[in-house]
Structure formats: structure tokens, C-alpha cells
Amino acid sequence: MSIRAEQTKLLQGTLDLLILKALALGELHGLGVSRRIEQMTGGTFQVKPGSLFPALHRMEEAGWLAAKWGESDANRRAKYYRLTAAGRKQLDAETSEWSRISLAIGMALRTT
Amino acid sequence: MVKLLSRLRAAGRNLVRRDDVERELDDELRAYVDALTAEKIARGMSSAAARRAALVEAGGTEQTKETVRDARAGAWLDALARDVRHTLRGLARAPGFTIAVVATLAIGIGLNSAVFTIVYAALARPLPVRDAGRIVNVYQRLRSGGPRGREVRGASWLVSYEEFQRYAQLPAFASAAAFHAQGLTVTGADNRVVSSELVSCGYFRTLRVRMALGRGFSDDECDHPGTAPVVVMSDAAWQAWYGADSSVVGRIVHVNGSPMTVVGVAERGFNGVSYQRASMWVPLTMQPALEHGRDSILVHDNASWLTMVARLAPDATLDQARAQATVTGGRLDAMEPGRRTIPLVVPGAILNFPEVSSRGGVPLALTSLVGLTIVAIACANVMNLLLARGLARRREIAIRLAIGAPRRQLVRQLLIESGLLSFSGALIGLAFVFGVSPAFRWLSPLSGLQVNVAPDFRVIAYMFVVATTTTMLVGLTPAVQTTRLDLATAFKDTAPVGARQLRPSRIRSAIVGAQMAGSALLLAIAGLFLRGAIRASAADPGYATRNVVAFSTNAAPLGYDAVRATILYRALMDRIRQVPGVVDVAIAGRLPLLSRNSAAIRIDRGTDTAVYVPDVSAVSASYFRTMDMRIVRGSTFDTTSVPAGERPVVISGSLATILWPQQDALGQRLKSGDIWFRVVGIASEAAASSLERPAEPIVYFMAASPLDKQIVVRTSRSPAALIASVPAWARALDPALLVQSERFEDRIALVLLPGRLVAASTAALGALALLLAAIGIAGVVSFGVGQRRREIAVRLAVGASPRQVVTLMMRQGITPVIAGIGAGLALSVAIGFVVRGLLFGVSPLDPIAYVAMVALLALSALLATYVPSRRAAAVDPAWTLRDDG
């Protein structure tokens with residue numbers, strides 16, 4: 001089952017985290033980010049441009065991502081995003097926050 | 001923090017380099033689709049099919065772009081900028097409307113802020129000294145002055161030296177000072193009267209004034225009267241008189257004839273804390289010496305003459321100071337049975353007199369009210385214009401609503417429009433505020449007035465608030481009104497004459513009514529004050545005010561005794577009497593109105609003794625003729641009928657009525673001090689303290705010696721030549737004699753100034769309000785004519801005469817006018833009663849003021865409705881009906 005990222009509000013923060021995580025290994029262009037997320041989540045999240053690009057731009061303006069124009073493998077111009085130091089810090093923060101929340105939710109759901 | 005900075009930078013880039021940002025987004029999205037296509041081709045799709053599939057999968061690029069734009073930093077700012085540009089374009093297309101609105105608002109907001117500037121400068125602006133926020137003034141209000149009477153120099157809320165010393169002890173005060181503004185004569189190469197302050201020795205310390213040169217006064221210089229002949233001068237005086245010569249310290253100057261040593265020069269920019277700039281400071285304790293011992297108000301414990309300032313102790317509050325002052329006031333009362341003191345501790349300012357908060361506060365409150373009315377009228381006019389414009393734009397707005405623009409966005413745009421208009425108005429209105437200072441200087445008869453009316457941040461903040469309020473006030477109603485549209489109706493080309501149309505026009509009529517009410521109010525107030533000012537200038541205070549001059553000399557300090565002084569004065573008066581045009585010459589203690597003196601008198605009334613405290617004046621017999629007064633009955637100081645051991649006295653008619661209501665006052669006895677006086681004459685009524693009270697109880701004693709008195713002269717022509725020659729004649733009699741002169745009418749003008757200012761300013765504002773209201777009425781009527789063009793055409797077509805049509809249109813315009821005048825009339829009567837005390841006896845129901853106001857308003861309103869109504873008659877039925885058909 002796949003989830004389109006723009007469907008629910010809950011996924012807003014999740015999307016940021018997924019993008020940060022996707023870029024943690026190296027720089028990617030827009031479609032690359034989208035594919036990487038698909039791959040990381042086993043196809044559960046398919047991020048469409050309508051939610052991908054606003055998020056990328058917002059995060060770039062927040063200083064978490066840096067972008068530059070470069071050549072793709074098919075010799076096409078593309079805008080590549082990479083994590084900045086602030087973005088890395090944000091990824092750490094959001095990761096531990098997410099673990100905390102998922103642990104808590106998990107505990108809550110296990111409680112009878 | 002990083003995030004915020006980064007976003008701010010991004011917002012700046014988004015706004016400034018919008019085109020680059022947009023192009024980059026285009027490229028990025030295209031690259032995305034290209035990459036997707038390439039991916040699909042790699043999977044084996046044909047290039048055309050792959051592209052199509054990629055486009056479908058990417059979704060609407062325009063929509064994506066829009067969400068990206070919304071997500072960007074400063075997106076709202078961007079939208080605002082877009083709206084502002086749109087609005088500016090719209091306003092540029094209607095230059096007439098824009099100019100009218102901006103000009104109206106500039107006048108309204110500007111005048112209002114100018115009024116605020118003046119009120120603020122006079123009442124609340126801290127004194128021009130260091131850490132002025134901790135400075136307070138101490139005044140006292142005497143409910144009852146006690147049986148001894150009280151000498152008042154300047155104002156009754158001032159304190160005596162002894163009272164100052166008591167209040168200065170309050171623990172809440174870190175230090176305290178008292179001062180008395182006074183002109184002192186400095187003699188040298190040329191004589192001049194220098195506005196100065198007699199100050200207590202803690203004055204410079206309390207106000208934290210530094211010395212540019214030398215020193216201030218030390219405390220021991222105020223220990224004993226007359227022991228410290230020292231002077232501090234202002235930087236300005238030092239520059240002007242001594243060319244900033246630093247050897248001035250230690251020099252001798254002759255002040256009021258006495259040699260005094262210059263000990264210091266105050267820092268630049270400090271000119272005292274009186275409303276008139278001071279150039280020189282002298283220790284208070286030198287007062288008797290400066291007056292050559294003949295007028296020792298310093299040791300007079302029952303005189304109002306000193307303004308007290310104090311600096312609050314670091315941890316003390318104003319409330320503590322007030323509580324402590326009340327205790328001290330109670331002690332003062334305990335020492336003098338019958339006295340009731342209310343001490344007042346108020347934040348320090350130049351003109352924060354208690355009068356201002358009680359009776360004198362009325363003109364200020366009134367001025368504020370006038371200021372607000374002006375803004376309200378301006379707002380009403382602009383609202384009307386906006387409504388009219390909104391109606392004219394109905395189709396545009398309907399189209400935008402129809403294609404899905406949210407109503408909120410339209411309201412926002414209309415508010416942006418009114419905001420742009422009011423802030424442009426406020427900006428231009430700033431000119432008024434900056435104009436206050438020169439205007440004030442021009443209006444003021446006093447040179448060197450020290451009321452700082454230069455706008456500061458508070459004034460600017462005030463204007464901002466006014467402009468914002470104006471925006472909401474002016475913009476909201478028309479915005480809501482305009483966007484509340486029924487699309488179906490709005491799209492019909494012709495304006496319907498149905499119920500929907502009535503709503504805005506009813507609002508417009510209400511606005512016109514309110515405007516008329518405001519104008520009526522202003523004009524009525526102006527009328528009342530104008531009448532008051534005319535009456536005051538024409539008011540008969542009971543004596544002559546024109547061409548009256550008072551001369552005073554320094555005979556007493558020169559060592560003249562009563563006999564020599566009498567000879568000297570007689571010689572001088574004889575010389576003056578020979579001048580052509582001199583009506584008469586007299587001796588008087590002081591001229592009325594400018595300062596007053598009261599004393600207790602006792603009368604025998606059968607068994608008991610009654611005490612009364614009237615104004616007293618010591619004059620020579622020729623005083624009454626000199627001042628153009630009459631002796632109604634009896635004679636002037638005729639001693640023939642006065643028993644031995646008694647002295648003659650003249651009393652005013654109103655005192656006679658008070659003291660002996662049932663009997664003839666002539667021949668009655670009254671006692672002052674230990675001396676019995678016999679009433680030998682009843683003088684015509686005169687004003688002693690105020691022009692508003694033309695009949696006050698006054699006792700005229702016969703001046704025994706001219707030593708501490710003035711020579712009063714009345715001439716039938718301008719006394720300028722006389723004023724110029726008297727000092728020389730005095731010097732011819734004794735080279736050491738100095739003469740100061742004072743023209744009575746100059747001082748009277750000062751007394752009349754507030755009323756005249758209010759009259760002049762409300763009249764000007766009233767005229768302006770009337771003009772605005774007339775424009776408003778004309779607008780409403782002409783809009784009505786436009787709206788009802790077809791109806792008029794039909795009426796004309798079926799035989800109505802043009803005159804009937806004009807009447808019909810005028811009737812519509814004039815109804816709110818009548819209602820407005822009625823409301824304004826009621827309001828102004830109410831205000832008239834409040835300001836009754838300032839009208840110099842004009843009744844708050846003065847018929848002339850009201851009739852003139854109503855006539856003026858009605859005439860203007862008729863004109864304002866007639867001119868546009870005539871356009872109705874010019875409607876060509878055939879043309880109109882075919883055009884709109």
C-alpha cells in the first residue's frame with residue numbers, strides 16, 4: 001500500500017524528516033529525493049512534486065538544505081540539494097524526537 | 001536563530017529578485033519532468049508516450065508553482081506588495097478622487113496632530129533637564145486663604161518661601177528648589193530688562209544643570225537674606241553680552257542697581273524652567289535686596305509667588321510624595337485656623353498649572369475635542385468618497401467575485417487602499433505638525449517662549465495611531481458594504497432603484513448628517529468664543545486699558561525717604577502732566593488684573609464684628625480720573641467729613657452692597673489693621689482679578705507715600721514718546737534714577753490671549769469643517785442625481801418641470817442636513833455650558849452665535865445641494881432612456 005504524502009497532515013513533519021534522511025547520504029535532485037524516499041520506505045511513501053517542491057524550498061529557505069545547479073547522469077541540468085550543517089543537526093533532532101514519539105505511541109497502543 | 005536569519009535572507013531575495021527566483025523554479029520543474037521522462041524512456045516507453053506519462057504523473061505544474069510560492073518566506077509580504085501595486089494603479093487611474101481624499105485626510109490628521117503637539121508640549125512634555133522623568137512640581141490649592149488674606153503674584157497655586165521650605169523637607173524628595181520668574185534690570189552701557197529667575201540655592205542641583213563656566217549657587221548663599229550678591233547667566237546671554245569671554249566669571253554686573261558678581265555660566269541650551277526663557281539666575285534670598293527692601297515678599301509667609309520643583313528620591317513614588325505633602329499641608333493649616341490647603345504634586349512640565357487641570361483645562365479639552373471633530377469630519381468625507389467609488393466599482397468587484405476571488409481578499413484590498421490613502425494623508429499632514437512651531441512663535445505675543453512644540457517620537461506615534469484608526473474607520477464600512485454584492489443585480493448594466501440601493505445611500509446620508517453636526521458644533525463654539533473675544537476686547541473692566549502706562553523707579557533703594565520721594569514724584573508727575581495728550585497722572589500700588597493683593601477688613605455690625613477679605617489697592621486721589629473711573633457718590637479721599645483719628649477710604653459699589661446691604665455705605669466705618677477708616681466715596685465698579693468679573697469688591701486706600709508705588713499715566717494719544725522721555729527726565733532729577741515702564745494694554749493682551757486663540761482656531765477649523773461638509777453634501781446629492789438619472793428622465797418625460805425635479809433632488813439632500821444641524825445644536829449648547837467661564841459673560845445660549853451658525857450652515861447646505869441638483873434638470877429624457885434602455 002502506498003501513501004501519497006500530501007494526503008494527511010500528520011505526514012507534514014514526517015515529510016521533512018524523510019527528505020532530510022534521503023539527503024543524509026549525499027546530494028540529490030528533486031526526482032532523486034522522491035525516488036530515494038520511495039526506496040527507503042519500501043514504496044510506502046510516494047512524494048509528488050506538489051508537496052515535494054514546496055517542502056524543498058521551505059527547507060532551503062530555513063537553511064537546512066543548500067542547492068546548486070549541476071549535470072544529471074543523463075547530461076541534463078538539474079538542481080541538486082544537499083544537507084547543510086544546520087540540516088544535519090535538524091535531522092538528528094527530528095530523528096530522536098521521532099523515536100521518542102513512536103516509542104510512546106507504540107507503548108500506548110500496546111497498553112490494554 | 002539560524003533558521004530565522006536564513007528565512008529573512010530568503011524573504012529578501014524572494015522579494016527583490018523575484019524574476020530570478022521564478023525562472024529558477026520554472027527550470028527546476030522542467031528538469032523534474034525531463035528526468036521523469038528519461039526514466040520512463042529507460043524503461044522502454046516511446047519518447048512521446050513517456051513525456052505524456054511524465055506530465056500526468058507530475059500533476060499540474062502551475063499548481064505546484066503556486067504551492068511553492070505560498071511556502072516561500074515572505075509570501076504574505078509578496079501578496080501585500082502585489083495588492084499595493086494593484087491599488088496604486090487603481091488610484092493613479094482616479095487622480096481626482098485620490099487627491100481629494102489625501103488632501104482631506106492630510107488636513108484632518110495634520111490638524112489633529114498639531115493640536116496634540118501643542119497640548120502635549122504644554123501639559124505633559126517633561127522639563128528640558130536631565131532625567132526629567134523624576135521631576136515633580138508642587139502646587140497648592142487654597143480652599144480658604146484664612147482670615148489674613150493672601151498676596152498673590154502670578155497665581156494663587158504658587159507657594160511662599162516658608163511653605164517651600166516645609167515641602168522641601170519631604171522624605172520623598174531627593175532635593176527641591178523654588179523659583180520666581182521676574183524681569184531684572186541690568187545696568188551698564190545700556191540698561192535692559194532681562195528675564196530672570198530668582199532661585200533657591202538647590203535649583204541647579206535639583207535640575208541637574210551643569211555649569212559651562214564657574215559654579216552654581218552654594219547652599220550657604222541662601223542662608224541669610226541679602227548676603228549673596230551673585231549671578232549665574234545663561235550660555236546664550238554670555239554669548240550675546242560678553243562674546244563668550246571666559247573672563248566673565250568674577251565680573252561685576254549691576255542688577256536692579258545693586259552690584260552683583262557673576263559666578264557662573266550655565267550649560268548651553270538651559271534656559272530655565274519657566275515658560276519664558278531665562279537669561280540670568282539670582283539667589284532667591286536676594287529678593288528683598290533687589291527690591292531695595294521695599295517689597296520683602298521673601299519673608300511674607302502668606303504670599304503665592306514661588307514655583308516649586310523637586311526631584312523624587314531614587315526609591316520614592318509620586319503617590320508617596322503626595323501623601324507626605326498632604327500631611328505637610330495639614331500642618332500648615334493647623335498653624336493658621338480657617339485655612340484649608342490642598343497640596344498638589346504633579347509630574348514636572350512647563351505649563352502643568354492646576355488651573356490647566358481645572359478651569360484652564362477646559363480650553364485644552366476643547367481644543368482636543370475640536371481636533372477630534374476635525375478628524376471625524378475628514379473621515380466622514382473620505383468614507384463618503386470611498387462609498388461612492390465603491391459603488392462605481394461594483395461591476396469590477398462583481399466580476400472578481402464571480403471568477404472566484406475570495407471576499408476576504410477584496411476586503412483586504414479595499415483596506416489597503418484606505419490604508420495607503422490615510423498614511424499618505426498622515427505623511428503630508430506631518431507638514432502641519434512641523435508648522436506648529438513657527439506658527440506658535442508667530443501667534444505668541446511673548447518672545448522667548450519656552451514651550452517645545454517640535455514633534456518628537458510621541459507625536460509621530462500619535463499620528464501613526466490616528467492614521468491606523470482612520471484607515472479602519474474609513475475603510476471598513478465601505479469595504480464591507482461594497483463587497484456585499486448580489487451578483488445578479490450588480491451585473492445588470494443599469495443601477496436599480498430598489499431597496500439594495502437604499503442601504504449605501506442611507507449610510508451616506510447618515511455620514512452627511514454627522515458631518516453637519518460636527519460643523520455645527522465647531523461653528524457654534526467658534527461663534528461663542530468669537531462673541532466672547534469681542535465682548536472681552538470691548539468689555540468694560542471699569543477702567544481705561546488703552547494708552548495707560550505705569551512707570552516704576554528705584555527711588556527706594558537709592559535711599560529716598562517718604563518726604564524726598566514725594567518731592568521727586570511730584571516733580572516727575574508735574575513734568576509728565578505738561579506733555580500734550582496726557583489726561584492725568586496718578587500714584588498706584590499696582591495696576592489691576594496683573595497682580596492682586598487682598599487684606600482683611602472688619603466692620604461693626606451692631607454687636608458683632610464681621611470680617612471680609614476684599615482686594616485692596618493704595619492709590620492717589622487722581623487715580624480714578626487717570627483710570628477713567630468715576631466716583632459714583634461722595635468724593636475722593638476728602639478728609640473734611642472724617643473724624644480725627646480716622647482716615648478716608650473709597651470702596652467699590654459691589655463692596656458697599658456686600659458690607660452694608662440695607663444701609664448707605666457712605667459715612668460707615670471699617671477697620672484695617674488697627675486703623676479705622678471712614679467711607680467717603682463709592683467708586684464705579686471695576687475688575688480686579690479677571691475681565692470676566694467686572695464688578696469686584698475693592699477697597700481703595702489713600703497712598704501715603706509714593707515710595708513703593710508706580711506712576712500711572714493715561715494719554716489721549718500713543719504714549720510711545722512719553723515712555724521714551726520719562727527715564728531721561730528722571731535722570732535729570734537724579735542721575736542714579738532708573739525708570740521701568742509697562743504698557744497696560746500689552747499685559748491685557750496676554751490676559752485675553754487664550755480666548756482669542758480658541759476663537760480664531762475654532763473659527764478657522766469650523767470654516768474648514770463647513771467646507772468639507774459642503775463637499776460631502778454636494779457629493780451625496782450629485783451621486784443621487786447620477787443614480788436616479790432614469791427616474792428623473794421618466795419624470796421629465798411625463799411632464800415634470802425641471803424646477804420640480806431640482807426640488808425633489810434637493811429635498812433628498814437637505815434632510816440629513818437638518819437632522820445634523822439639530823444634533824450639532826444640542827451638542828454645542830451642552831459644551832457652551834461647560835465653557836461658560838471662558839466666554840467673558842456671553843451666555844452659552846447666546847442667540848446671535850447660534851442664529852449665525854444655523855444661517856451659515858443652512859446657506860452652505862442649500863448651495864451644496866442646489867448646484868448638483870441642477871444637473872438633474874439638465875437630464876435629457878430621450879437620450880438617457882435610450883442610452884440605458
Task: Residues in residues 44-51 of chain B near chain A [non-hydrogen atoms, under 4.5 Å] - done: none
TODO: Evaluate the side-chain proximity of A:Arg35 to B:Leu36: yes if any heavy-atom separation is below 4.5 Å, no if none is.
DONE: yes
- [ ] Look up atom OG1 in B:Thr64 and atom NZ in A:Lys48, then write down how far apart they are to the nearest 0.5 Å.
- [x] 11.0 Å
Task: Matching residue for B:Glu28 among A:Arg77, A:His57, A:His29 - test: side chain to side chain donor-acceptor pair (under 3.5 Å) - done: A:His57
Task: Interface moiety of B:Glu24 toward chain A, non-hydrogen atoms closer than 4.5 Å - done: both
Open item on the list: Given heavy-atom pairs under 4.5 angstrom as the criterion, report whether the side chain, backbone, both or neither of A:Glu60 touches chain B.
Closed with: backbone
Task: More than 12 heavy atoms from other groups under 6.0 Å of CZ on B:Arg85 - done: yes
- [ ] Search all heavy atoms of A:Ala78 against all heavy atoms of B:Ala31 and return the closest pair with its distance.
- [x] CA-CB, 4.2 Å
Task: Qualifying ring-ring contact (aromatic ring centres under 6.0 Å, His included) pairs with a residue from residues 15-61 of chain B, counting only residues at least two apart or across chains - done: A:Phe53-B:Tyr32
